[in-house]
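Note: hydrogens, waters and symmetry copies are ignored here, and every other heavy atom, side chains too, is used.
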Amino acid sequence: QVQLVESGGGLVQAGGSLRLSCAASGRTFSTYSMGWFRQAPGKERRFVAAIRWSGGSTYYADSVKGRFTISRDNAKDTVYLQMNSLKPEDTAVYYCAADLASRLGRLAGEYDYWGQGTQVTVSS
């Protein structure tokens, strides 16, 4: 079992920044990949970014490339999503997820555990 708890969401103006955190517990964090997804009202959950267990490989959705950065601190069992130059279309509930097979996937079905989500709202 893996438990994931996101934090850091909130309300920010367009052009601003937020950093999301996801704290993991339950299994050895350094052995699995982590991903961030987001879901806007009335839309399906979509891939944002992923990072392999070592932190050496990352993968981003085109819509956030160059603005968002995923990172992890295995000593703290935490993955981060630094979001810069935020746009109103980034408004969504953001979820972190764990992939025990340590892939670098963009499909929600590739992830085994999910957090409860944190709301990010970007005002224009």
- Roughly how far apart are Leu4 CG and Tyr111 OH, rounded to 0.5 Å? 12.0 Å

- From CD (Glu89) to OG1 (Thr91), nearest 0.5 Å: 8.5 Å

- Message: Using side-chain heavy atoms (C-beta onward) and a distance below 4.5 Å, is Phe37 in contact with Cys96?
- Response: no

- Task: May I ask you to check whether Ser17 and Asn84 show a side-chain donor-acceptor distance below 3.5 Å?
- Result: yes

- Non-hydrogen side-chain atoms of Ile70 and Phe68 separated by less than 4.5 Å: no

- Looking at Glu6, Gln116, Arg38, which one forms a side chain to side chain contact (heavy atoms under 4.5 Å, CB included) with Tyr95? Glu6

- Message: Quick check on the hydrophobic clustering: are Tyr80 and Met34 connected, directly or via other members, by side-chain heavy-atom contacts under 4.5 Å?
- Response: no

- Verify, without hydrogens or angle tests, whether Thr28 (side chain) and Ser30 (backbone) share a donor-acceptor contact under 3.5 angstrom. no

- Side chains of Leu18 and Val120 in contact at under 4.5 Å (non-hydrogen atoms): yes

- Query: Are any non-hydrogen side-chain atoms of Val79 and Ile51 less than 4.5 angstrom apart?
  - Reply: yes

- Query: Should we count CZ of Arg27 as having more than 12 external heavy atoms under 6.0 Å?
  - Reply: no

- Distance-minimising heavy-atom pair for Ala101 and Asp112: N-OD2, 4.3 Å

- Query: Of all heavy-atom pairs between Ser124 and Ala14, which one has the smallest distance, and what is that distance?
  - Reply: CA-CB, 4.4 Å

- Under the 3.5 angstrom rule, does the side chain of Ser85 hit a backbone N or O of Arg67 as a donor-acceptor pair? no

- Cation over ring face, Arg45 and Trp114, 6.0 Å, 45°: yes

- Does some side-chain heavy atom of Thr121 sit less than 4.5 Å from a side-chain heavy atom of Val12? no

- Could you tell me the separation between the NZ atom of Lys65 and the OG1 atom of Thr58, rounded to the nearest 0.5 Å? 9.5 Å

- Message: I want to check something: taking the side chain as every heavy atom from C-beta on, are Met83 and Leu20 in contact at a cut-off of under 4.5 Å?
- Response: yes

- Message: Nearest 0.5 Å, please: how far is CH2 in Trp36 from CG in Leu81?
- Response: 6.0 Å

- Item | Expected output: side-chain Thr118 to main-chain Gly9 donor-acceptor under 3.5 Å | yes

- Are Lys87 and Asp90 close enough for a salt bridge, meaning some N to O gap below 4.0 Å? no

- Query: Parallel, tilted or perpendicular: which fits the ring planes of Tyr59 and Phe47, with parallel below 30° and perpendicular above 60°?
  - Reply: tilted

- Message: When you compare the side chain of Ser102 with that of Arg52, does any pair of heavy atoms fall below 4.5 Å?
- Response: yes

- Nearest 0.5 Å please: distance from the CG atom of Leu104 over to the CH2 atom of Trp53. 13.0 Å

- Message: Nearest 0.5 angstrom please: Gln3 CD to Asp77 CG, how far?
- Response: 11.5 Å

- Is there a side-chain contact between Tyr113 and Leu100, using heavy atoms and a 4.5 Å cut-off? yes

